[in-house]
Amino acid sequence: MSVFAAVMTGKGTGAIATVQVFGDTAKAVIKKIFKSTGTKPPKFKPGKILLGTICDGTETIDQVIIGCEGPHSFAINCHGNPLIVEMIMQLLGRHGAKLLTAEQLLYKILSAEKSVNTIALEAKLTQPRARTIEGTKIIANQIDAGLSKKIAEWLENINALSLKQITADAERILENSRTAKLIIHGCKTVIAGPPNTGKSTLLNYLAGRQKAIVTDIKGTTRDWVSARCQIGPLSVELIDTAGLDEKLAAAPKDSIERESQQKAAQILEEADLVLLVLDNSTTSDQLDDHLLEKIADKKVLTVLNKSDLPAKLDARKLPEILANTVQISAKFGTGIENLTKKIQQLCGVADFDLQTAVVFTSRQENLLHQLKKTKSRKQAASITTELLNGQLRV
Ligand SMILES: Nc1nc2c(ncn2[C@@H]2O[C@H](COP(=O)(O)OP(=O)(O)OP(=O)(O)O)[C@@H](O)[C@H]2O)c(=O)[nH]1
Ligand SMILES: [Mg+2]
């Protein structure tokens with residue numbers, strides 16, 4: 001005999017919130033706290049919607065609509081004030097419900113469906129966290145196509161497949177998963193470059209609003225500023241940092257300059273993509289080795305800004321790592337379409353097939369790494385079976 005409850009809607013104030021109650025005694029608990037509108041006693045039949053109030057003894061907490069989603073599953077749709085939601089959760093707790101997170105409850109509900117395999121469970125749990133529609137599609141496609149199909153193929157042909165083929169398959173899936181990850185979870189894009197090149201102007205343009213302060217004084221941005229924008233199937237988190245400068249980095253310890261240089265360098269390390277902004281209208285040597293070192297192993301797009309002014313920078317003299325260039329004027333918004341196209345190409349999402357087999361949880365990823373190193377078909381079959389039916393971690 002058990003009953004579980006969780007708030008399924010996001011934190012904070014909303015118009016409506018949903019509290020899900022699930023378990024073999026869920027109906028009995030709901031009956032104790034719900035008074036239906038009208039004279040007849042409520043019929044908790046699956047598929048029915050009931051209007052009434054949630055009451056704590058004689059005290060009314062809120063007028064609600066209860067959706068009877070199954071014999072053991074009920075959705076209490078109440079007003080979105082977090083205080084009301086909290087009171088309903090406390091009341092359910094006092095009536096014996098174990099209070100869970102939305103994810104934990106979803107796991108309980110899904111695991112009750114005996115026919116669902118682990119990949120399908122993980123897909124349903126991960127889908128709500130995807131940042132783009134394309135991301136949700138990639139995950140959904142792994143249930144019947146993508147990864148599940150690949151696993152079925154492996155298991156069916158395990159004796160005919162060579163280990164070389166299996167490891168090559170695993171490697172390709174891991175490679176595609178890195179691209180899928182950017183679409184599912186977003187792409188951390190750092191706008192870096194020397195001071196005064198137009199980094200903040202670019203952030204403001206892409207974000208569609210004045211997020212960062214723009215001036216013609218070098219070193220205007222000290223603290224980092226971030227904004228989100230959508231570029232094709234990518235949800236891009238843009239981070240504008242202080243212009244990296246060796247002299248500023250050597251400023252006295254605890255000075256604002258030094259702190260902001262250190263923070264900028266740290267943010268740069270975590271970047272999926274770097275937009276290195278240079279001023280196309282100056283000849284001076286804008287780059288220092290310090291910056292080039294930091295971006296050596298990153299995806300880098302060199303943005304030659306201020307293209308509205310006479311060009312003085314010779315792009316052919318740029319180091320190899322900065323060879324992928326695009327000309328824009330962040331101030332006037334020219335060349336931006338080209339910039340977004342190049343970002344998608346560089347991230348490999350321009351023509352990414354959403355049906356491709358990918359892994360989308362750390363459990364799956366670990367197993368794929370094991371599969372890549374497998375030494376026998378027997379081991380490969382066992383890893384593959386584990387991938388499909390292994391224990392879920394929530
Ligand atoms: N002509 C022209 N000026 C630009 C362009 N983009 C930025 N600027 C100007 O360049 C100056 C510096 O711009 P910011 O966006 O503050 O530069 P930043 O790289 O963020 O500078 P720091 O934060 O100091 O590192 C400002 O006067 C901008 O108006 C452009 O495309 N064309
Ligand atoms: Mg700035």
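Read the numbers this way: they start at 1 and go in the same order the structure lists the ligands and their atoms. Basis for what follows: all heavy atoms, side chains included, without hydrogens, waters or symmetry-related copies. By convention here, the first residue in the shown sequence is residue 1. Keep in mind that this is a model prediction, so the values were computed, not measured.
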Compare Asn196, Thr201, Leu203 and give the one whose heavy atom is closest to atom 15 (O) of ligand 1.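 Looking at heavy atoms only, Thr201 sits closest to atom 15 (O) of ligand 1.
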
Pairs where residues 74-98 contributes a residue and the test side-chain hydrogen bond (donor to acceptor under 3.5 Å, both in side chains) is met, not counting sequence neighbours: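 Pairs touching residues 74-98 that pass the test: Thr18-Asn77, Asp56-Arg94, Asp62-His79, Glu86-Gln90.
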
All side chain to side chain contact (heavy atoms under 4.5 Å, CB included) counterparts of Ser162, not counting sequence neighbours: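 Result, side chain to side chain contact (heavy atoms under 4.5 Å, CB included) vs Ser162: Lys164, Gln165.
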
State plainly whether the residues Lys342 and Glu337 are in salt-bridge range, i.e. N to O under 4.0 Å.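 Not counted as a salt bridge, because no side-chain N and carboxylate O are separated by less than 4.0 Å.
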
Can you tell me if Glu69 and Gln20 form a side-chain donor-acceptor pair at under 3.5 Å?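 Yes.
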
So, Thr101 and Gln104: side-chain donor and acceptor under 3.5 Å apart, yes or no?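 Looking only at side-chain atoms, Gln104 and Thr101 do form a donor-acceptor pair, the distance falling under 3.5 Å.
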
Show the atoms of ligand 1 that are less than 4.0 angstrom away from any heavy atom in Ser329.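 In order of numbering, the contacting atoms are 30 (C), 31 (O), 32 (N).
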
Which ligand 1 atoms are under 4.0 Å away from a heavy-atom of Ala330?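 So the answer, numbered in order with elements, is 31 (O).
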
Record the part of Asn305 in heavy-atom contact with ligand 1 below 4.0 Å; permitted values are side chain, backbone, both and neither.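 Under 4.0 Å from ligand 1, Asn305 contributes side-chain atoms alone.
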
Do any N/O/S atoms of Thr201 come under 2.8 Å of the Mg ion (ligand 2)?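 Under 2.8 Å: Thr201 has no N, O or S contact with the Mg ion (ligand 2).
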
Just distances here: any N/O of Leu309 and N/O of ligand 1 closer than 3.5 Å?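 Such a contact does not occur with ligand 1.
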
Is there a nitrogen or oxygen of Lys331 sitting under 3.5 Å from a nitrogen or oxygen of ligand 1?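 For ligand 1, there is an N or O atom that lies under 3.5 Å from one belonging to Lys331.
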
